[in-house]
Amino acid sequence: MKEFDLIERFFERRGRQRKDVIVGIGDDCAILKVPDNKRLAITTDTLVENVHFLAHTPPRSVAYKAVAVNLSDLAAMGAEPAWISLSITLPDTDEAWLESFSEGLYELLEYYSVDLIGGDTVKGPLSLTITAQGFIPENCEIRRSGAKPGDWIYVSGTLGDAGAGLEIAKQGLENLNESQDYLVNRHFSPTPRVMLGNALRRVASSCIDVSDGTLADLQHILERSDVGARVHIGRLPLSDELVDVVGIDDAVNHALTSGDDYELLFTVSEEQRGQLETILGNCDVQATCIGQITGQKQKIDLRLGDMPFSLPKDAGFEHFSG
Ligand code: ADP
Ligand code: MG
């Protein structure tokens, strides 16, 4: 199959959803219309086979996740997604693979009314780079640098599921029970928290999406904001499925240290807490307060009840303990 036929068949087949795409796929550049009163938010993520996803990952999931992680970055700053471009390196033109990949891609694009506006297609070891662009009203972006001592720390959804799902997926995808299947799905198909991120503009003082792990990503907020944090282990939102499959101790370890959940971790001042409750009701998203920002610069103080809590050494995050 020729490159142009491939692009037309798998990356251009659904037509356009958006009026702000003046020129889309098929010319040398895409030409786009940015609303006058908004700012453009741009983010890029690359996924390489055997590095960012397992070799036997279903193609539908490869595409879905690549889009999801980019939309999650937009969400974490409060941006509303508009367009993506896709650079893909393919080892061959396996039509069944591309068909399934294209399905996964368009599933999220159609759900969020995002258009694929261009890209590049080359031959080589499987990898893909997506650039996503979105809009934010002027001065409304939620940065990592805005957390203040006394702010409350929240996370959306549940933590640790994707990390446990990855471990299960590494063992193979056959004969999984319901809980294992749920966790694997959380790994393959993370939910970008787009509605929540948009609603948190003017309410959250800082925000990040959990890609590296809760503690690692919280640490990014602490560094940028020059503050510390107290986190209550007993308040971490854990799914029943996670506790069912790995037990409570490993569930806590996963929740704190394994990545890829793509939940939003954000801070809210005492004054904005009422507003947050309203937002959570409207977005129909669960978010849990797991602790509070402190003045102890860049230090994470883990607590179990009133006692200091240390992660097991093999969790790989000893420097956060006590
Ligand atoms: P050029 O040689 O000018 O870079 P290409 O032959 O690479 O053009 O691509 C032709 C058109 O197809 C361009 O509009 C490009 O943006 C689009 N395109 C190429 N690969 C992809 C892809 N994977 N997804 C979406 N659009 C693509
Ligand atoms: Mg090209």
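Side-chain atoms are counted along with the backbone in the values below, which use heavy atoms only and exclude waters and symmetry mates. In what follows, residues are counted from 1 in the order of the sequence shown. Counting starts at 1 for both ligands and their atoms, following the listed order.
Heavy atoms from both the backbone and the side chain of D120 come within less than 4.0 Å of ligand 1. Neither the backbone nor the side chain of E12 comes within contact range of ligand 1; no heavy atom lies under 4.0 Å. Of all the heavy atoms of T121, the ones lying under 4.0 Å from any atom of ligand 1 are found in both the backbone and the side chain. Residue contacts with ligand 1, taken as heavy atom pairs separated by less than 4.0 Å, do not involve I117 at all.
Put simply, the side chain of S102 never gets that close to the backbone of E99: no donor and acceptor are under 3.5 Å apart. Judged by distance alone, the side chain of D151 and the main-chain N or O of K148 form a donor-acceptor pair under 3.5 Å. For R9 (side chain) and L98 (main-chain N/O), no donor-acceptor pair under 3.5 Å exists by modelled atom type. Side-chain N or O atoms of D217 include one that pairs as donor or acceptor with a backbone N or O of G213 at under 3.5 Å. Not a single donor-acceptor pair under 3.5 Å links the side chain of Y182 to the backbone N or O of N177.
Distances between N or O atoms of L116 and those of ligand 1 include no value under 3.5 Å. In terms of polar-atom proximity, defined here as any N/O pair under 3.5 Å, F4 makes no such contact with ligand 1. The N/O atoms of F11, backbone and side chain alike, include none that comes under 3.5 Å of an N/O atom in ligand 1.
For ligand 1 and G26, the ligand atoms under 4.0 Å from any heavy atom of the residue are 11 (C), 13 (C), 14 (O). Within the listing of ligand 1, atoms 16 (O), 24 (N), 25 (C), 26 (N), 27 (C) sit less than 4.0 angstrom from a heavy atom of G118. Under a 4.0 Å criterion applied to the non-hydrogen atoms of I25, ligand 1 contributes the atoms 12 (O), 14 (O), 17 (C), 25 (C), 26 (N). Near I88, meaning under 4.0 Å from one of its heavy atoms, ligand 1 places the atoms 23 (N). Atoms of ligand 1 found under 4.0 Å from any heavy atom of D28, numbered from 1 in the order shown, are 3 (O). Every atom of ligand 1 with a heavy atom of D27 under 4.0 Å away is listed here by number and element: 13 (C), 14 (O). For ligand 1, the atoms sitting less than 4.0 Å from at least one non-hydrogen atom of L86 are 22 (C), 23 (N), 24 (N), numbered in the order shown with element in parentheses. Interface of E3 with ligand 1, defined as ligand atoms under 4.0 Å from a residue heavy atom, comprises 6 (O), 7 (O).
The pair D301-K299 fails the salt-bridge criterion, with no side-chain N (NZ, NE, NH1 or NH2) lying under 4.0 Å from an Asp/Glu carboxylate O.
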request  = Could you check R201 against E80 for side chain to side chain contact (heavy atoms under 4.5 Å, CB included), going step by step and ending with a plain yes or no?
outcome  = CA-CA 11 Å; R201 292 173 196 156; E80 157 203 344; 3.9 Å; yes
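Applying the ring pair (Phe, Tyr, Trp, His ring centres under 6.0 Å) rule to pairs touching residues 208-249 yields nothing, sequence neighbours excluded. Sequence neighbours left out, the pairs with a member in residues 110-149 that pass ring pair (Phe, Tyr, Trp, His ring centres under 6.0 Å) are W83-F135.
The neighbour count for D5 CG, taken as heavy atoms of other residues, nucleotides or ligands under 6.0 Å away, is above 12.
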